[in-house]
2 protein chains.
Amino acid sequence: MRDTIQTLLAGDLPRCALCQIKSIGICANSGEEELSWLEDAKLYRRYCAGSMITFAGDRLDYVGSIMTGIASIGGTREDGRRQTYGVLMPGDFLGRPGRAISSFDIEAITDIELCGFKPAVFDNLLDKAPQLHARMLEMTLDELDAARAWMLMLGRKTAREKLCSLLVYLLDRQMRLDETQTTPLLRLPLTRERIGDFLALTLETVSRQFSALKRDGIIQDLERHAVSIPDPARLRQEAGTDPFHAR
Amino acid sequence: MRDTIQTLLAGDLPRCALCQIKSIGICANSGEEELSWLEDAKLYRRYCAGSMITFAGDRLDYVGSIMTGIASIGGTREDGRRQTYGVLMPGDFLGRPGRAISSFDIEAITDIELCGFKPAVFDNLLDKAPQLHARMLEMTLDELDAARAWMLMLGRKTAREKLCSLLVYLLDRQMRLDETQTTPLLRLPLTRERIGDFLALTLETVSRQFSALKRDGIIQDLERHAVSIPDPARLRQEAGTDPFHAR
DNA sequence: CGAGACGTTGAAGGTCTTCAAAAGCGGTGG
DNA sequence: CCACCGCTTTTGAAGACCTTCAACGTCTCG
């Protein structure tokens, strides 16, 4: 088995100028001076698909942004009931400045590459780099909006609307990352159970709704980890009004 | 009928040093210099119980903190289904810096006094006042945590657990505001319908759960706008593990 | 007092969950 | 290669929980 975690040090790392997420990440606002500080301090990390990046309650020894791959952020109750709060995709930030202990479980869904910092180093950077600080606030406010839109979904949508909302969300984010894509193929790295954690449904209900959407022609070629969406507009309609918009 | 909105200008206003929320509000971190800037720019506003402070989509002409009273923040779908995202209490901030349009409905539940600023003025203050900016980030991160805890509740709790969770939350916040209080009396400014919006339940279910909690002795002296909680620990237990903690 | 808003309670019904069984998929080892 | 195992997915049937619809009770304020 491969190592689940691997850390790479600055010096060996590619320059920020070549970074895929430089226009959407935490560093998007920073000018040359701030970027050079970040460049000097950055550490890369890799996690294998399926490994836990943090458990709720753990001490965090690293904060940073996803460069490639997908992670989920969620919580577990003592009786085992789980809720996923969101999907973390390239550009998203992971970890909370000014707090040493994670409040959430974060799991690598696919293999993941992170670009980040030791928490103390990052806190210092935030203090002396106003553009970084402003971007951090902006991203946090966006996340809060997304969390609230998600709440409306959890509370007030039917199972079918929920699943369609998730598909719309994943499709939007996939399109944003790969703008050249025109085929209606949506990758689904999540299992039915994880989708259920996400939407507050059981895996059986998720499966049944997939079958129903297929029967109604809203999705096609349903496979385990992919599905094609012949008519995204139709899917959006099925998601109900105001599906939670991508950030 | 009284005016629903009333604005008071700086100069006539009490000094920040006397403010009830100075240790928990947006200004809590600021030193003397920053405070004097805030003091010069602040405007008070009053809203009557029941009036809308903003509708989703409205242009915001004011951002600020609640000094007294309670407001709710929520969204409405086109079919009329509503979801409340949170209660805003003294110290909480209302409005989003850097964005002119409100994403949410905000309604005054009781009479409200706000201390705030014109949006452009506040954005300028954020730029030049690092302690204010840092406090803004901290409060936003806290709100994000609260929103996620709320999501777990919406998705994974039964009606009884939901109602108990809300009562625990309101009790905690009431205790925090008035630390001298020892009686187990909880004020409930919300109607059954608003509680339902909050918990994603119908008003009938809320009412039935209140009756059930009374029958089981977990609450007593149930009235329209107040209830007594003889044993808060018991209530907390009924709320299920990990009720969403007050900020 | 009377009107209107808010709250309670009952009965019927729908949606989602729970429990259960079987099929599909992917990897391992004989 | 194929049988076997574990894990995921699908599908069915029964039942729980919450909603919907409806009626009635209660409070408040002009």
Side-chain angles (χ1 to χ4, degrees), chain A residues 1-2 48-50 77 79-83 107 109-110 153-167 187-216 219 221-227 238 240, chain B residues 1-2 48-51 72 77 79-83 107 109-110 153-167 187-216 219 221-227 238 240:
Chain A
M1 183 175 177
R2 293 175 293 172
C48 283
R77 294 181 51 186
D79 60 4
R81 282 186 278 181
R82 273 188 306 191
Q83 177 67 51
E107 182 181 350
I109 293 179
T110 63
M153 191 209 67
L154 284 177
R156 298 295 186 197
K157 288 196 175 182
T158 63
R160 168 185 270 243
E161 288 173 323
K162 283 179 175 180
L163 182 55
C164 290
S165 296
L166 180 64
L167 296 179
R187 273 166 286 130
L188 274 179
L190 305 157
T191 64
R192 301 292 183 263
E193 187 178 14
R194 294 223 150 276
I195 294 173
D197 292 342
F198 230 114
L199 303 176
L201 299 171
T202 59
L203 66 93
E204 294 95 330
T205 300
V206 172
S207 180
R208 271 186 259 271
Q209 294 302 327
F210 265 122
S211 300
L213 291 177
K214 185 172 150 193
R215 173 171 43 70
D216 298 345
I219 60 177
D221 313 317
L222 179 60
E223 289 172 31
R224 216 168 253 224
H225 292 306
V227 66
E238 289 285 342
Chain B
M1 183 175 176
R2 293 175 295 171
C48 283
S51 60
S72 73
R77 293 181 51 188
D79 60 5
R81 283 186 277 180
R82 274 189 305 192
Q83 177 66 51
E107 182 181 349
I109 293 178
T110 62
M153 190 210 66
L154 284 177
R156 297 294 186 196
K157 288 195 175 183
T158 63
R160 168 186 270 243
E161 289 173 323
K162 283 178 175 181
L163 182 54
C164 291
S165 296
L166 180 63
L167 296 179
R187 271 165 288 131
L188 274 181
L190 305 157
T191 64
R192 300 292 183 261
E193 187 178 13
R194 295 226 149 272
I195 293 173
D197 291 342
F198 229 101
L199 302 176
L201 298 171
T202 58
L203 66 93
E204 294 94 331
T205 300
V206 172
S207 179
R208 271 185 261 270
Q209 293 303 327
F210 266 122
S211 300
L213 291 177
K214 185 171 151 193
R215 173 172 42 70
D216 298 345
I219 60 177
D221 313 317
L222 179 60
E223 291 172 30
R224 215 169 255 226
H225 292 306
V227 65
E238 289 285 341

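Chain letters run A, B, ... following the sequence lines, proteins first, then strands; residues in each count from 1.
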Exercise. Is any NZ, NE, NH1 or NH2 atom of the basic residue among B:D197 and B:R192 found under 4.0 Å from an Asp or Glu carboxylate oxygen of the other?
Worked result: no

Exercise. Quick one: A:E204 CD to C:dA21 C1', roughly how many Å, whole number?
Worked result: 12 Å

Problem set entry | Closest to side chain of A:T202, choosing from D:dC18, C:dT18, D:dT9 | C:dT18

Exercise. Base, sugar-phosphate, or nothing: which does B:T191 touch, judged by heavy atoms less than 4.0 Å apart?
Worked result: sugar-phosphate

Problem set entry | Nearest-nucleotide pick for A:R224, side chain only, options being C:dG7, D:dT10, C:dG24 | C:dG24

Exercise. At under 4.0 Å between heavy atoms, what does A:A212 touch on the DNA or RNA strands: base, sugar-phosphate, or nothing?
Worked result: nothing

Exercise. With a 4.0 Å cut-off on heavy atoms, is A:L203 in touch with a base, just the backbone sugar-phosphate, or nothing at all?
Worked result: base

Exercise. Less than 4.5 Å apart, any side-chain heavy atom of B:E204 and any of B:Q209?
Worked result: no

Problem set entry | Heavy-atom side-chain proximity of B:L163 to B:L213 below 4.5 angstrom | yes

Exercise. Does B:R192 make a side-chain N or O approach to OP1 or OP2 of C:dT8 shorter than 4.0 Å?
Worked result: yes

Problem set entry | Euclidean distance, atom CD of residue B:Q209 to atom P of D:dC17 [Å, nearest integer] | 10 Å

Exercise. Rounded to the nearest Å, what distance is computed from the NE2 atom of residue B:H225 to the P atom of nucleotide C:dG7?
Worked result: 6 Å

For this session: Provide, to the nearest angstrom, the distance between the CG atom belonging to A:L163 and the C1' atom belonging to C:dT15.
Result: 15 Å

For this session: Mark yes or no for whether A:S165, through its side chain, and A:E161, through its backbone, hold a donor-acceptor pair below 3.5 Å.
Result: yes

Problem set entry | Selection from D:dT19, C:dT17, C:dG24 that lies nearest to any side-chain heavy atom of B:R208 | D:dT19

Exercise. In whole Å, what is the span from the NZ atom of B:K162 to the C1' atom of D:dC18?
Worked result: 9 Å

Problem set entry | Under 4.0 angstrom between B:S211 side-chain N/O and C:dT9 OP1 or OP2 | yes

Problem set entry | SB check A:E223 A:R187 (cutoff 4.0 Å) | no

For this session: Round to the nearest Å and state the distance from A:I195 atom CD1 to D:dT8 atom C1'.
Result: 12 Å

Exercise. In terms of the nearest nucleotide of DNA chain D, which residue is placed more toward the 5' end: B:V206 or A:L222?
Worked result: A:L222

Exercise. A:L201 has a side chain; which of D:dT9, D:dT26, C:dC16 sits nearest to it?
Worked result: C:dC16

Exercise. To the nearest Å, how far apart are A:R160 CZ and C:dT17 P?
Worked result: 16 Å

Exercise. To the nearest angstrom, how far is A:K157 atom NZ from C:dT15 atom P?
Worked result: 17 Å

